[in-house]
Amino acid sequence: MKMSQVEESIMSYLSQRETDASTPDLNVVAMLHNFWEQRQTCRSNGSSSESDASVGDAVIHPESLLLYESAASPGPPHVCYVTLPGGSCFGNYKVCETQAEARRDAARVALMNSLVNELPCRRIDSQFIAQSLQQAASDSAVSVAIEDACDSSTSIGTYVLLLHSYEGRTMLEFQEMMTIFQLLQWNGTLKALRERRCSRQSVISYYSRRGLDEYIRSSMALDWLGREQRSPGRLGEELQVAQRELVLARRRGIELRFYKEKTEILTLALSQAYIHHTPEAFDEAPNPTHKQEQLPLQTLYSQGPEVKIYPALQSFNAPP
């Protein structure tokens, strides 16, 4: 089945009403939990088999598998997000009248995406890498030679190394890693590191191991707090754009971590700004002509192998 057909089937399923007689009455929250519990068990057993010690199955804590978060709302419609073990996030697709309904719908979206992610066409293989390389070269804003893919000192070479490091793994796993660099690019961190003459390899190695933690989130929030102090009103405008992007992405049934992380970072920065400034400073309405920045990887999870993912690394050039 082609990826376009898979996506059409998913959207058709997500659009069905829960009261539709053709839709079985399934406990999707339990199904999603069981799916990831089995995956974690398989991984743990696989790791245990490599050691000589026979200590039985690894202990799995069910409460730590999935994280459900309900957005603050005085009434319907309600919004719920579910975060999977790797960090991927999904939200309810439909308009939900209760929190319980929103929770079930978020689990339904996450379950469908989790199942599709297991399909062979969602695995990163040599064919996908070759297609991505050709696409990156043709879509690049600067001149890129395919021959540079063998040179790790070039941006396209680093990108190919990243793809090869995830060969055999799923696109969702690759997305989870690339979301970190997407946030670093959006925040301006990659540009700052480039100006400090940090190599691509060292930056990628550092953030790939570290991941996204509270320290990095707080650091980004401080960056935006500084921008707000230099340009009052910018933070409020950026937050409104981020919130709108999050809503639109949720209504498309795609992976939401980038949009959600960005919104939370800006919200944290705005809360700190309110401590030091009067609320009137943030009452300025956003510019209606403000354009949403075109961010790479935002369609990775909803697209097939032809998805454009190279630009996330283009902005980070190696020092001469």
Side-chain angles (χ1 to χ4, degrees), residues 1-48 56-71 73 76-123 169-176 179 246 249-260 300-304:
M1 180 180 291
K2 296 181 180 179
M3 279 306 302
S4 58
Q5 295 174 321
V6 173
E7 292 168 12
E8 288 177 2
S9 298
I10 293 176
M11 296 308 296
S12 175
Y13 173 76
L14 292 177
S15 299
Q16 291 179 356
R17 294 178 58 88
E18 288 188 345
T19 56
D20 191 338
S22 64
T23 305
D25 184 15
L26 303 176
N27 187 343
V28 290
V29 174
M31 291 175 64
L32 179 64
H33 174 84
N34 291 337
F35 173 87
W36 282 100
E37 187 175 45
Q38 291 175 11
R39 283 207 62 183
Q40 296 296 89
T41 300
C42 291
R43 289 180 178 178
S44 299
N45 290 342
S47 301
S48 300
D57 293 343
V59 178
I60 295 179
H61 304 284
E63 66 278 2
S64 63
L65 275 179
L66 307 172
L67 174 64
Y68 287 90
E69 300 173 272
S70 295
S73 174
H78 292 278
V79 175
C80 181
Y81 302 101
V82 56
T83 301
L84 305 181
S88 297
C89 179
F90 296 93
N92 56 296
Y93 173 81
K94 300 186 301 183
V95 176
C96 300
E97 296 298 319
T98 66
Q99 291 184 351
E101 182 185 0
R103 179 186 177 98
R104 289 194 299 270
D105 197 54
R108 189 162 60 106
V109 175
L111 178 61
M112 287 298 299
N113 279 275
S114 297
L115 292 173
V116 169
N117 190 56
E118 296 299 310
L119 295 175
C121 60
R122 303 297 291 177
R123 296 279 171 179
R169 301 172 72 175
T170 66
M171 292 187 186
L172 186 57
E173 291 175 304
F174 187 66
Q175 164 83 27
E176 291 166 353
T179 296
L246 177 58
R250 179 172 58 80
R251 291 174 177 172
R252 292 169 57 198
I254 65 175
E255 203 276 322
L256 303 174
R257 189 183 184 190
F258 170 69
Y259 307 99
K260 187 169 178 290
L300 173 61
Y301 198 70
S302 61
Q303 297 291 335

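Predicted model, so just to flag it, every value in this text is computed and none were measured.
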Inset, instruction - Kindly compute the distance separating CZ (Arg104) from SG (Cys80), expressed to the nearest 0.5 Å. - result: 11.0 Å
Inset, instruction - Would you mind reporting whether Cys89 and Glu255 have side-chain heavy atoms less than 4.5 Å apart? - result: yes
Legend entry - Student check: side-chain heavy atoms of His33 and Leu66 closer than 4.5 Å: yes
Legend entry - Heavy-atom pair of closest approach, residues Leu84 and Ser114: CD1-OG, 3.6 Å
Inset, instruction - Search all heavy atoms of Gly253 against all heavy atoms of Val109 and return the closest pair with its distance. - result: O-CG1, 3.8 Å
Legend entry - Interatomic distance, Thr41 atom OG1 to Trp36 atom CH2 [nearest 0.5 angstrom]: 12.5 Å
Inset, instruction - Please report the shortest heavy-atom distance between Val82 and Ala110, naming the atom on each side. - result: CG1-CB, 3.7 Å
Legend entry - Euclidean distance, Gln99 CD relative to Ser70 OG, rounded to 0.5 Å: 4.5 Å
Inset, instruction - Quick one: closest heavy-atom pair of Cys96 and Pro76, and the distance? - result: O-CB, 4.1 Å
Inset, instruction - Give the intermediate values and the outcome of side chain to side chain contact (heavy atoms under 4.5 Å, CB included) for residues Arg103 and Val29. - result: CA-CA 8 Å; Arg103 179 186 177 98; Val29 174; 4.2 Å; yes
Inset, instruction - Walk me through it: do Val79 and Ser73 pass the test side chain to side chain contact (heavy atoms under 4.5 Å, CB included)? - result: CA-CA 8 Å; Val79 175; Ser73 174; over 6 Å; no
Inset, instruction - Mind checking the CE-CG spacing from Met31 to Leu111? Nearest 0.5 Å is all I need. - result: 5.0 Å
Legend entry - Side-chain (Asn92) to main-chain (His78) donor-acceptor, under 3.5 angstrom: yes
Legend entry - Atom pair CZ (Arg108) and CD (Glu101), whose distance is rounded to the nearest 0.5 Å: 9.0 Å
Inset, instruction - Would you confirm whether Asn117, through its side chain, and Asn113, through its main-chain N or O, come within 3.5 Å as a donor-acceptor pair? - result: no
Inset, instruction - Can you sort out the partners of Glu118 under side chain to side chain donor-acceptor pair (under 3.5 Å), two or more places apart, ordered by chain and number? - result: Arg39
Inset, instruction - For the residue pair Leu32 and Phe90, establish whether any side-chain heavy-atom pair is separated by less than 4.5 Å. - result: no
Legend entry - Criterion side chain to side chain contact (heavy atoms under 4.5 Å, CB included) on Tyr93 and Arg250, from CA distance to verdict: CA-CA 6 Å; Tyr93 173 81; Arg250 179 172 58 80; over 6 Å; no
Inset, instruction - With sequence neighbours excluded, tell me which residues meet side chain to side chain donor-acceptor pair (under 3.5 Å) with Ser88. - result: Glu176
Inset, instruction - Could you tell me the separation between the CG atom of Leu65 and the OG1 atom of Thr83, rounded to the nearest 0.5 Å? - result: 12.5 Å
